[in-house]
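Reviewing the structure listed below.
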Amino acid sequence: MRASRPLIVLLATLIGVGATVSLGQWQLRRAALKQSLHDTMEAHGTLPALDNAALPCDAAAWSSQLQRRVALRGRWLNERTVWLENRAMAGRAGLLVLTPLALEMPMVSGGHCAATVLVQRGWVPRDPYDRTRVPPPPAASGAVLFQGRLVEAPSSLLELGAPASAPAGAVRQNIDLAALAREWGTPLRPGSIQQEGDEVPAPPGGTGLLREWWRPALDVGRHQAYAAQWFAMAAVMVVLYVWFQWIRPRRKPAA
């Protein structure tokens, strides 16, 4: 057992160094991703807003225009509103309100664009006593004009139970655009829109929705600091190993 002790220490050190270095690299990748998203938002923020006719139709074109500002006109399909639960905003847990928008004059050359896009209208707090109790969607009749940003569909959370592709009630853990399109019998654009500000005309009294959307690059420095900590831990483990396994045993006893 004593003879194998150096090997055990070596293996433990290698595992520890490998794990901490990997975690440091992961933090750097997170920082780089957020910085890239921030740069994309800044670059696209200077471009004119996309209107109904310029809104991308396919997934590749949608991805190339992420964070682009949009100014869309259409009619809310309020009866198809869904609420995503366990979504945080401003440090609170609540529900994300999603409503499809039937676009006015959506067709472009080729005529293959879906006429409906899913809109992230905002956030509401959850009912503390009944998770299935939700407020009615903001009422708006007729055509409305609103501004927002072109984003991906809402990210999925880990769920235990029916998958996102299965039909569900108004309150859901996750959604899948293809499944929603089949459920509603209505083709959807490949991503979603994050609404910024109330639509025009706004419902009487406003929508009452919170829209403090997450923006990248606000915490890049935090990821870089975490990466430095992980790399420092790896360096400490290497120094301790070299000291206790190589230098200290070879030092001559003091006279």
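In this chain, numbering begins with 1 at the start of the sequence shown.
A continuous path of ILVMFWY side-chain contacts below 4.5 Å connects Leu177 to Trp184, so both sit in one hydrophobic cluster. Cluster annotation: Ile175 is not connected to Leu77 through the hydrophobic network of ILVMFWY side chains, with a link wherever side-chain heavy atoms come within less than 4.5 Å. Cluster annotation: Val9 is connected to Leu14 through the hydrophobic network of ILVMFWY side chains, with a link wherever side-chain heavy atoms come within less than 4.5 Å. Both Leu188 and Leu84 are assigned to one and the same hydrophobic cluster, defined by single-linkage of ILVMFWY side chains at heavy-atom distances under 4.5 Å. Residues Met237 and Ile247 share a hydrophobic cluster, clusters being chains of Ile/Leu/Val/Met/Phe/Trp/Tyr side chains in contact below 4.5 Å.
Looking only at side-chain heavy atoms (C-beta outward), Lys34 and His223 come within less than 4.5 Å of each other. Side-chain contact check for Leu10 versus Arg5: every heavy-atom pair is 4.5 Å or farther apart. Leu209 has its side chain within reach of Val97: a pair of non-hydrogen atoms, C-beta onward, lies under 4.5 Å apart. In this structure, Glu104 and Asn52 have side chains that are in contact, with non-hydrogen atoms separated by less than 4.5 Å. Residues Leu66 and Glu152 meet the side-chain proximity criterion, which asks for heavy atoms closer than 4.5 Å. You'll find the side chain of Leu240 reaches within 4.5 Å of the side chain of Val236, heavy atoms only. For the pair Ser192/Leu98, no side-chain contact is recorded, criterion being any heavy-atom separation below 4.5 Å from C-beta on. Pro56 places none of its side-chain heavy atoms less than 4.5 Å from the side chain of Arg68.
Rounding to the nearest 0.5 Å gives a distance of 9.5 Å between SG of Cys113 and CG of Leu103. To the nearest 0.5 Å, atom CD of residue Gln194 and atom CH2 of residue Trp213 are 5.0 Å apart. Taking CG of Leu210 as the start and CG of Leu96 as the end, the distance is 10.5 Å to the nearest 0.5 Å. Here the CZ-OG1 distance, from Arg69 to Thr46, works out to 8.5 Å after rounding to the nearest 0.5 Å. For the atom pair CZ (Arg149) and CD (Glu196), the distance works out to 5.0 Å, reported to the nearest 0.5 Å.
Salt bridge absent: Asp58 and Arg189 never bring a charged side-chain N and a carboxylate O closer than 4.0 Å. Ion pairing between Arg172 and Glu85 fails under the 4.0 Å rule for side-chain N and carboxylate O.
Listed for the Ser63 side chain is no donor-acceptor partner under 3.5 Å among the backbone atoms of Ala60. Side chain of Ser36 to main chain of Ala32: no donor-acceptor pair is present (N/O by atom type, distance under 3.5 Å, no hydrogens or angles). Formation of a donor-acceptor pair under 3.5 Å by the Arg250 side chain with backbone atoms of Trp246 is found in this model.
Counting only residues at least two apart or in different chains, side chain to side chain donor-acceptor pair (under 3.5 Å) contacts with residues 226-244 are absent. Within the structure, no pair that satisfies the ring pair (Phe, Tyr, Trp, His ring centres under 6.0 Å) test touches residues 52-71, not counting sequence neighbours.
The 12-atom threshold is exceeded at CD of Gln245, counting heavy atoms of other residues, nucleotides or ligands nearer than 6.0 Å.
The two residues Thr81 and Pro137 come nearest to each other via the heavy atoms OG1-CB, 3.7 Å. Minimum interatomic distance between Phe231 and Gln25 (heavy atoms only, all atoms of both residues): CZ-N, 3.7 Å. Shown here for Thr207 and Pro203, the closest heavy-atom pair between the two residues is CG2-CD, 3.9 Å.
In this view, Arg29 satisfies the salt bridge (Lys or Arg N to Asp or Glu O under 4.0 Å) rule with no residue, not counting sequence neighbours. Residues passing the side-chain contact (heavy atoms from CB on, under 4.5 Å) test with Val134, sequence neighbours excluded: Trp83, Leu95, Val171. Take Arg75 and apply the salt bridge (Lys or Arg N to Asp or Glu O under 4.0 Å) test, not counting sequence neighbours, and it matches no residue.
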Could you tabulate the donor-acceptor pairs under 3.5 Å formed by side-chain atoms of residues 121-128, not counting sequence neighbours?
unit_1 : atom_1 : unit_2 : atom_2 : d
Arg121 : NH1    : Asn78  : OD1    : 3.0
Arg121 : NH2    : Glu199 : OE2    : 3.0
Trp123 : NE1    : Arg87  : O      : 2.8
Asp127 : OD1    : Tyr129 : N      : 2.8
Asp127 : OD1    : Asp130 : N      : 3.0
Asp127 : OD2    : Arg133 : NH1    : 3.3

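If you run side chain to side chain contact (heavy atoms under 4.5 Å, CB included) between Ile193 and each of Val117, Leu101, Val151, Leu118, only Val117 comes through.
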